[in-house]
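These notes concern the structure reproduced below.
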Amino acid sequence: MKCPFCGCDDTQVKDSRNADDNTAIRRRRECPECGSRFTTFERIQLRELTVVKKNGEKTPFDRDKLARSIQIAVRKRPVTPERVEKIVNSIQRRLETSGEAEIPSTTIGQYVMDALSNLDHIAYIRFASVYKDFREVKDFEDFVETIDQFAKPKHQNEGDDE
């Protein structure tokens with residue numbers, strides 16, 4: 001592993017331990033040249049995934065980009081970084097086990113929408129505003145109205161006054 005500080009090609013592993021619910025290995029490394037220490041993560045990758053964007057462009061799947069988009073949606077919300085990591089792990093695992101090497105970006109977006117709808121409605125709306133490309137306030141109003149329909153508790157005896 002190359003040292004990110006001085007570029008030395010020969011760094012030493014000082015400590016290894018499981019991370020992220022045993023789906024990754026966290027390695028603490030030290031550079032013999034400059035003495036700097038840094039952390040790396042090793043994850044299982046079942047297959048190379050390619051994301052097919054709406055315009056047909058193909059790009060390699062970027063786990064960090066997925067994590068950043070979710071982190072932006074949950075910013076200043078009561079959602080822990082560990083919860084975000086679990087969502088990212090779950091989505092990546094789902095994509096890798098789908099059997100498909102090329103994944104439409106809309107599929108990834110829908111997986112994120114599903115996860116956020118169960119996690120935090122504000123984060124869900126934030127992500128949806130970008131994903132669904134809201135252009136005006138009416139788009140938000142219509143979307144929030146659909147959320148309200150699912151979020152309101154249903155009463156068995158609606159209309160009954162007791």
Side-chain angles (χ1 to χ4, degrees), residues 1-5 11-31 35-54 59-135 137 139-154:
M1 178 65 61
K2 191 174 194 176
C3 175
F5 302 104
T11 58
Q12 300 170 347
V13 174
K14 294 297 182 182
D15 180 46
S16 291
R17 61 181 68 171
N18 289 329
D20 300 335
D21 295 336
N22 294 325
T23 61
I25 296 175
R26 178 184 181 272
R27 298 195 193 281
R28 193 73 183 135
R29 297 178 177 270
E30 183 175 7
C31 177
S36 297
R37 289 180 174 232
F38 59 99
T39 302
T40 60
F41 289 89
E42 182 179 316
R43 299 182 195 290
I44 295 171
Q45 183 172 349
L46 297 175
R47 68 182 65 208
E48 292 287 326
L49 296 173
T50 301
V51 178
V52 182
K53 297 185 177 187
K54 290 178 185 175
T59 61
F61 173 74
D62 184 348
R63 176 190 169 78
D64 293 335
K65 183 177 178 183
L66 174 61
R68 279 191 308 273
S69 67
I70 295 171
Q71 288 165 345
I72 289 168
V74 302
R75 186 170 166 253
K76 295 187 179 182
R77 300 296 304 154
V79 177
T80 65
E82 293 80 17
R83 187 69 182 119
V84 171
E85 188 64 24
K86 283 183 181 179
I87 291 170
V88 172
N89 286 341
S90 172
I91 291 172
Q92 184 175 8
R93 196 172 313 113
R94 195 170 172 187
L95 295 171
E96 288 177 340
T97 59
S98 72
E100 299 295 323
E102 293 187 350
I103 310 290
S105 61
T106 54
T107 299
I108 298 170
Q110 193 56 55
Y111 289 169
V112 173
M113 293 278 290
D114 293 345
L116 292 177
S117 72
N118 295 321
L119 180 68
D120 185 278
H121 284 159
I122 300 300
Y124 178 60
I125 292 168
R126 286 178 179 167
F127 185 84
S129 69
V130 175
Y131 174 65
K132 293 187 177 281
D133 196 24
F134 293 166
R135 300 230 181 244
V137 174
D139 297 335
F140 275 101
E141 290 171 348
D142 293 345
F143 187 73
V144 170
E145 192 173 297
T146 64
I147 293 172
D148 282 345
Q149 292 172 2
F150 296 112
K152 288 182 182 174
K154 296 184 178 168

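- Here Ser98 contributes atom OG and Leu49 contributes atom CG; the two are 7.0 Å apart, rounded to the nearest 0.5 Å.
- Closest heavy-atom contact between Ala123 and Leu116: O-CD1, 3.8 Å.
- Between Phe61 and Gln92 there is a side-chain heavy-atom pair separated by less than 4.5 Å.
- By the 6.0 Å contact criterion, CZ on Arg68 is enclosed, its count of non-hydrogen atoms from other residues, nucleotides or ligands being greater than 12.
- For the pair Arg63/Asn89, a side-chain contact is recorded, criterion being any heavy-atom separation below 4.5 Å from C-beta on.
- In this structure, Arg126 contributes its side chain and Arg75 its backbone to a donor-acceptor pair below 3.5 Å.
- Remark: side-chain polar atoms of Asn118 are paired, donor with acceptor, to backbone N or O of Asp114 under 3.5 angstrom.
- Nearest heavy atom pair, residue Phe38 against residue Met1, reads CE1-CG, 3.9 Å.
- Contact of the Ile87 side chain with the Leu66 side chain is not registered, since no non-hydrogen atoms from C-beta on lie closer than 4.5 Å.
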| task | Starting from the C-alpha separation in whole Å, work towards a yes-or-no answer on side chain to side chain contact (heavy atoms under 4.5 Å, CB included) for Asn18 and Ile25. | result | CA-CA 5 Å; Asn18 289 329; Ile25 296 175; 4.2 Å; yes

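- In terms of heavy atoms, Leu95 sits closest to Tyr111 at CD2-CE1, 3.6 Å.
- Rounded to the nearest 0.5 Å, atoms NZ (Lys53) and CD1 (Ile108) are 10.0 Å apart.
- Here the shortest heavy-atom pairing between Phe127 and Gly109 reads CE2-O, 3.7 Å.
- Distance check: Gln12 CD to Arg27 CZ gives 14.0 Å after rounding to the nearest 0.5 Å.
- Contact between Ile122 and Asp120 at its shortest, heavy atoms only, is N-OD1, 3.0 Å.
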Please set out all donor-acceptor pairs under 3.5 angstrom arising from side-chain atoms of residues 100-107, sequence neighbours excluded.
unit_1, atom_1, unit_2, atom_2, d
Glu102, OE1, Lys58, NZ, 3.3
Glu102, OE2, Lys58, NZ, 2.9

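- Once rounded to the nearest 0.5 Å, the distance linking CD of Glu85 with CD of Gln71 reads 8.5 Å.
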